[in-house]
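Numbered from 1 within each chain, the chains take letters A, B, ... in sequence-line order. Keep in mind that the numbers below use all heavy atoms, side chains included, and drop hydrogens, waters and symmetry copies.
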Protein chains: 2
Amino acid sequence: MDKILDIDNVDLKIISLLNDDAKTPYTEIAKKVFVSSGTVHVRMRKLEDMGIVKSATLNIDFSKLGYDISAFLGIYLEKSSLYDTVIENLKQISEVINAYYTTGNYSIFAKIICKDTNHLRTVLDNIQKVEGIDRTETLIVLEESINRPIQFFDKTGKI
Amino acid sequence: MDKILDIDNVDLKIISLLNDDAKTPYTEIAKKVFVSSGTVHVRMRKLEDMGIVKSATLNIDFSKLGYDISAFLGIYLEKSSLYDTVIENLKQISEVINAYYTTGNYSIFAKIICKDTNHLRTVLDNIQKVEGIDRTETLIVLEESINRPIQFFDKTGKI
DNA sequence: ATTTTATTTAGATTTAATCTAATTTATTTT
DNA sequence: AAAATAAATTAGATTAAATCTAAATAAAAT
């Protein structure tokens, strides 16, 4: 039984609306989806139980909090078998907020957030020190031009 | 007047707790921060007014919704002056959920989410068709090993 | 020291979340 | 196709939280 079959347009519409603003009351979601608020509750509990909706988080403007630099890091390992241990070490560095195993030249692809260039320098130093990391390439984010949630479609168009 | 000076550890602690679970009732946040729930409200309104907290969104397991492939794209432009118009065109492609202006070799660095390899193929085709794009490099995400919110620190340690 | 200003709080009111039982809708069986 | 069963949805009641207001406290300025 395919999980995706258990998901209908009501579910997707609810996810879509809450993705725009996770604090929207279920009563309001209910009106927009043309069901009762009870149904919204039931559907959301189902989505949470299925692990589809994992949590709700804030969308924060980090630069306004003094975290002015975010950057992507392409990390080259000495041996790709070191992946797991390097990831464990990167978890110890709190500025690393994402890390991925990707196809392409990099062994690990990561995202970091820092306060300023000095902070960035320190973080890069700490990352270079991690056993098994050969070298890194840094892509500093100068502008975020698109940042939006996924949009769902069915045969009839946007949900 | 520096905005960051208006933010104290109470604010950061509130942001930190709500970042873990944006649906946590303010009454519960209040207990953990040792202030009244009214104060949590006031602080959150301040943070929203200052544009620091922009919104709350869901953390969704896209693979369970049938979106099995996410990928980063390094995009090379014919001329870097085409940045703005290319971004406008990328906004029309709903699978593009992030796009950045970054240092490094790429003119644009983007993230896309697709259902399967067929869908990825279509999306890549559509992106290649965008006027001004020279070529792209695709980094397909095979595993997300770290995904967490930023952690705040002051002189005394983690907030 | 006194006034002014800002922040926090307790308590009241409004609003929403959650639960339950009943109804409706859909599915299966005969 | 009709009856029986199962599943989903709803209205309404209860519980809990958000929001507002006015008073109290604390901080800053004169």
Side-chain angles (χ1 to χ4, degrees), chain A residues 1-61 64-66 149 152 154-156 159, chain B residues 1-61 64-66 149 152 154-156 159:
Chain A
M1 163 77 99
D2 194 342
K3 279 186 172 179
I4 300 160
L5 296 180
D6 292 339
I7 303 303
D8 64 11
N9 285 358
V10 171
D11 295 309
L12 292 181
K13 182 90 189 167
I14 291 171
I15 292 176
S16 211
L17 290 167
L18 286 173
N19 221 1
D20 289 339
D21 179 5
K23 299 219 81 180
T24 313
Y26 288 0
T27 48
E28 203 176 308
I29 301 292
K31 277 180 213 152
K32 289 180 180 167
V33 186
F34 302 107
V35 293
S36 73
S37 69
T39 298
V40 178
H41 273 273
V42 170
R43 296 303 188 97
M44 276 303 287
R45 186 163 38 224
K46 178 188 76 176
L47 290 165
E48 284 161 5
D49 290 346
M50 290 173 81
I52 290 172
V53 173
K54 291 186 283 187
S55 64
T57 66
L58 299 182
N59 186 205
I60 292 164
D61 185 333
K64 288 188 178 157
L65 282 177
F152 301 111
D154 67 2
K155 310 102 209 166
T156 69
I159 290 173
Chain B
M1 159 78 97
D2 193 344
K3 277 186 174 178
I4 300 160
L5 296 180
D6 292 338
I7 303 302
D8 64 11
N9 284 358
V10 171
D11 296 308
L12 292 180
K13 183 87 188 168
I14 291 170
I15 291 175
S16 209
L17 289 167
L18 285 173
N19 220 2
D20 288 339
D21 179 5
K23 297 219 82 181
T24 313
Y26 289 180
T27 48
E28 203 177 308
I29 302 291
K31 278 180 213 154
K32 289 181 179 166
V33 186
F34 302 108
V35 293
S36 72
S37 69
T39 299
V40 178
H41 272 275
V42 171
R43 296 304 188 96
M44 277 302 287
R45 185 161 43 223
K46 178 187 76 176
L47 290 165
E48 284 161 5
D49 289 348
M50 289 173 81
I52 290 173
V53 173
K54 291 186 282 185
S55 64
T57 68
L58 299 182
N59 185 204
I60 292 163
D61 186 331
K64 289 189 178 157
L65 281 177
F152 300 112
D154 66 3
K155 310 100 208 168
T156 69
I159 289 172

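Side-chain atoms of B:Leu65 and A:Leu12, non-hydrogen and from C-beta on, do get closer than 4.5 Å to each other. In this structure, the side chains of A:Ile7 and A:Ile52 come closer than 4.5 Å at one or more pairs of heavy atoms. Taking 4.5 Å as the limit, some side-chain heavy atom of A:Phe152 sits within range of a side-chain heavy atom of A:Ile15. A 4.5 Å side-chain heavy-atom check between A:Ile29 and A:Lys32 finds every atom pair outside the cut-off. B:Lys54 places none of its side-chain heavy atoms less than 4.5 Å from the side chain of A:Ile60. Under the 4.5 Å side-chain criterion, counting only non-hydrogen atoms from C-beta, B:Ile159 is not in contact with B:Ser16. The closest side-chain heavy-atom distance from B:Ser55 to A:Asp21 is not below 4.5 Å.
DNA chain D lies under 4.0 Å from no heavy atom of any residue of residues 9-28 of chain A. Applying a 4.0 Å cut-off to non-hydrogen atoms, the residues of residues 34-43 of chain A that approach DNA chain D are A:Val35, A:Ser36, A:Gly38, A:Thr39, A:Arg43, listed by residue number.
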Checking side chain to side chain contact (heavy atoms under 4.5 Å, CB included) for the pair A:Tyr26/A:Leu18: CA distance, chi angles, key distance, verdict?
CA-CA 9 Å; A:Tyr26 288 0; A:Leu18 286 173; 4.1 Å; yes

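Between the CD atom of A:Glu48 and the C1' atom of C:dT18 there is a distance of 13 Å, given to the nearest Å. Rounded to an integer number of Å, the gap from NZ of A:Lys32 to P of C:dA16 is 12 Å. With rounding to whole Å, B:Met44 atom CE is found 17 Å from C:dT7 atom P.
The number of heavy-atom neighbours closer than 6.0 Å to NZ of B:Lys31, taken from other residues, nucleotides and ligands shown, is 12 or below.
With sequence neighbours excluded, no residue forms a salt bridge (Lys or Arg N to Asp or Glu O under 4.0 Å) with A:Glu48. Among residues two or more places apart in sequence or in another chain, the side chain to side chain contact (heavy atoms under 4.5 Å, CB included) test is passed with B:Ser36 by B:Thr39.
In this structure, B:Lys46 pairs ionically with B:Asp11, as a charged nitrogen and a carboxylate oxygen lie closer than 4.0 Å. With respect to B:Asp8 and B:Arg43, a salt bridge is recorded, a charged nitrogen being found less than 4.0 Å from a carboxylate O.
Bending across the helix from C:dA1-D:dT30 to C:dT30-D:dA1, expressed as the angle between its end axes from five pairs apiece, amounts to 40° (10° rounding).
Protein chain A touches strand DNA chain D; the 5'-most and 3'-most nucleotides with an atom under 4.0 angstrom of its non-hydrogen atoms are D:dT9 to D:dT10.
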